[in-house]
Each structure stands twice: as C-alpha cells, then as structure tokens.
Amino acid sequence: MNGVLALLLLSLCCCLSRGLGDNRDSEGYQGTGASLAVCLPDTCALFRELAAMKERLGTMDQTQAALKESFGAMGQKLGAVETKLQGSESQVGELKKVIAAQEEELKALKKSLSPAQPKVAFSVALRDSGSGNIGPFTTNTPLQYKRVFSNTGSSYNPATGIFTAMVRGMYCFRYSMYSNNSGRPNSIVSLMKNSEKLVTTWNTDDSMNVHESASNAAVVQLEVGDSVYIQLWANRVVYDDINNYNTFTGFLLFTV
C-alpha cells in the first residue's frame with residue numbers, strides 16, 4: 001500500500017514540473033508567485049486526497065493485520081477443538097468396548113442364574129433276548145420293556161415298565177405294537193396316565209392278516225409323581241423278538 005502511494009506522489013511531482021515548464025515556454029516567465037497562484041489550489045486538494053487515501057490505506061493495513069491475528073486465533077481454537085474431538089472419539093470407542101464386555105457378562109450372569117432345564121428322555125424295547133408272545137394275562141397288565149436304549153434322568157423303571165415324572169412339565173410319549181396272532185388272541189394296548197387311558201391301538205383277530213403292527217402317541221402335562229406306562233389288555237398278546245417291534249419312548253418337552 002505504501003509503495004502505491006509513493007508512486008502516486010512521484011507521478012504528481014512529475015506532472016507539476018511539466019506544467020510549470022509549459023507555462024514558461026508559452027506565456028513567458030511571469031514569476032513564481034503567479035504560477036503558484038494558478039497551480040497550488042488544485043495541488044493542495046490533491047495532496048489532501050492523497051493524505052486521506054494514505055490514512056485509509058493505513059486503516060486497511062491495521063484491519064488486515066487484525067484479521068490475520070483473528071484468523072490465527074480461530075485456527076488455534078479449531079485445532080484445539082479437533083484435538084478434543086479426536087480424544088472424545090477415542091473415549092467413545094473405549095466406552096463401546098466396555099459396554100460390549102458388560103453385555104456379555106450380563107448374558108453369562110443371566111444364564112448362570114436361570115434354572116437349568118431338566119433332562120428327561122428314555123427309549124426302550126419289550127425284550128432283551130429271545131422271541132415269542134407276551135400274554136395273555138387275566139387282568140390288564142403294564143408291559144415291562146426290558147431292553148433299555150436310553151434312560152436320561154432315570155425316570156423309567158425297567159422292573160415295572162412305568163415312567164414316573166420327576167418334574168412338572170409337558171411330555172411326549174410314543175409306542176409301537178406288533179402281533180403275530182394267527183389262531184391266537186388279538187392285540188390291544190393302551191398308553192396310560194395313572195389309571196386314565198390316553199390312546200389305544202387294536203389289532204383284529206384275522207387269520208388272513210397274521211403280521212400286523214400299529215403305533216400311537218400323545219403329548220400330556222404331568223405333575224410330579226404322575227405315572228405313564230403301556231397297558232396290555234386282559235386276554236390279549238403281543239409278539240416280539242430281536243427286531244424290537246414293540247417300543248416305548250418318552251421325553252420332556254419343557255417344564256411348566
């Protein structure tokens with residue numbers, strides 16, 4: 001800005017010099033006072049304008065310096081804010097890790113506090129050896145399934161053929177029945193809950209259909225101490241051998 005002002009002053013001086021020279025050549029020299037009387041008023045006005053311009057330029061320089069200082073301070077503040085943001089992002093990342101770890105601990109705690117689901121399941125077959133009919137009996141009789149494939153929870157008793165509920169819940173039971181009764185009594189068995197018949201299978205006495213099988217199933221709610229078994233009706237028979245045609249299976253679905 002000061003350089004520009006100096007150039008303007010230099011140009012003004014050159015113009016004044018040329019103006020004075022021209023007056024000497026064209027009109028003759030009349031004295032310095034007459035020439036200055038003609039030129040000085042305009043020159044003074046021009047100098048005032050230049051002085052005002054210099055003042056304005058100085059003010060602009062000050063404003064520019066103040067703006068630079070302000071921008072510098074803003075840059076420092078922005079840098080500090082960016083640093084804080086980076087620190088906050090790092091803290092948020094650490095907090096997320098802590099929260100995730102706490103959630104896993106909470107899941108493990110809930111799992112450890114929740115009661116374990118009892119495991120109850122069994123699967124048995126009628127004979128553990130040999131072959132032939134079982135029955136007839138003069139009264140309704142629980143079938144004793146001797147061959148035990150599985151008995152998780154030990155709720156089935158192979159000595160009696162009876163399953164006894166140890167926990168209150170919903171259970172599923174299924175059985176199969178086989179007869180080879182040509183010329184002999186037919187087969188009728190029922191799935192029993194205590195003394196209640198739940199479902200039954202029946203084989204007709206037909207010499208034309210010697211080998212016949214059937215099955216049935218039920219889902220029931222049992223209370224602790226309830227008994228479930230397969231009952232052979234009085235004066236009826238079932239046949240089995242090493243192929244395990246007659247089976248009895250049960251398991252706990254869920255507690256209630």
Side-chain angles (χ1 to χ4, degrees), residues 1 58-125 128 142 144-176 191-196 198-199 215-230 244 246-256:
M1 293 295 182
T59 303
M60 291 175 63
D61 289 340
Q62 293 177 359
T63 302
Q64 185 177 8
L67 288 173
K68 287 182 179 179
E69 184 178 357
S70 178
F71 287 150
M74 290 178 64
Q76 292 178 355
K77 290 181 179 179
L78 288 174
V81 170
E82 184 177 1
T83 302
K84 289 181 179 180
L85 287 175
Q86 291 176 351
S88 298
E89 290 176 354
S90 177
Q91 290 178 356
V92 169
E94 293 298 325
L95 285 174
K96 287 182 178 179
K97 292 180 181 179
V98 172
I99 291 173
Q102 289 177 346
E103 288 178 349
E104 292 298 324
E105 291 178 0
L106 183 59
K107 290 180 181 178
L109 181 60
K110 287 182 178 179
K111 186 176 181 180
S112 64
L113 292 177
S114 60
Q117 173 73 18
K119 297 178 180 180
V120 181
F122 72 96
S123 183
V124 292
D128 55 5
Q144 297 177 15
Y145 293 82
K146 298 294 187 180
R147 183 171 184 181
V148 178
F149 300 119
S150 61
N151 190 16
T152 302
S154 302
S155 296
Y156 173 76
N157 186 351
T160 60
I162 297 174
F163 171 86
T164 303
M166 302 298 181
V167 294
R168 184 174 185 265
M170 297 297 295
Y171 292 80
C172 178
F173 296 97
R174 181 186 180 279
Y175 72 94
S176 61
L191 176 64
M192 306 291 294
K193 173 187 172 183
N194 300 324
S195 59
E196 173 190 1
L198 297 177
V199 293
S215 65
N216 218 329
V219 173
V220 294
Q221 178 175 328
L222 299 181
E223 302 295 331
V224 175
D226 282 346
S227 298
V228 177
Y229 56 94
I230 306 300
N244 301 316
N246 297 269
T247 60
F248 180 28
T249 299
F251 52 89
L252 172 66
L253 293 173
F254 51 86
T255 59
V256 293

Residues forming a side-chain hydrogen bond (donor to acceptor under 3.5 Å, both in side chains) with Asp226, sequence neighbours excluded: Asn194

By ring-ring contact (aromatic ring centres under 6.0 Å, His included) - contacts of Tyr145 (at least two apart): Phe248

Can you give the donor-acceptor pairs under 3.5 Å from side chains of residues 102-109 to other protein atoms, not counting sequence neighbours?
none

OG1-CG distance between Thr255 and Leu222, expressed to the nearest 0.5 angstrom: 12.5 Å

Test item: Thr160 and Pro142 side chains (from C-beta on) under 4.5 Å apart, heavy atoms: no

Sequence-distant partners of Tyr175, side-chain hydrogen bond (donor to acceptor under 3.5 Å, both in side chains), two or more places apart: Thr201

Distance in Å, Thr249 OG1 paired with Phe163 CZ, rounded so as to fall on 0.5 Å steps: 12.0 Å

Rounded distance (nearest 0.5 Å) linking atom CD of Glu69 with atom CG of Leu67: 10.0 Å

Sequence-distant partners of Ser155, side-chain hydrogen bond (donor to acceptor under 3.5 Å, both in side chains), two or more places apart: none

Reported NZ-to-OG1 distance for the pair Lys119 and Thr152, which is rounded to 0.5 angstrom: 8.5 Å

Per-pair distances, 0.1 Å, donor-acceptor, side chain in residues 164-174, under 3.5 Å, sequence neighbours excluded:
| from | atom 1 | to | atom 2 | distance (Å) |
| --- | --- | --- | --- | --- |
| Arg168 | NE | Glu223 | OE1 | 2.8 |
| Arg168 | NE | Glu223 | OE2 | 3.0 |
| Arg168 | NH1 | Val256 | O | 3.2 |
| Tyr171 | OH | Val167 | O | 2.7 |

Min side-chain heavy-atom separation Leu252-Pro118 under 4.5 Å: yes

Ser176 side chain to Ser215 side chain, donor-acceptor N/O pair below 3.5 angstrom: no

From Ile230 atom CD1 to Gln144 atom CD, the distance as rounded to the nearest 0.5 Å: 13.5 Å

Donor-acceptor contact present, side-chain Thr83 to main-chain Gly79, <3.5 Å: yes

Main-chain N/O of Thr59 paired to Thr63 side chain as donor or acceptor, under 3.5 Å: yes

Value rounded to 0.5 Å, distance of CG in Leu191 from OH in Tyr229: 10.0 Å

Validation row: Glu82, Leu78 side chains within 4.5 angstrom (heavy atoms): no

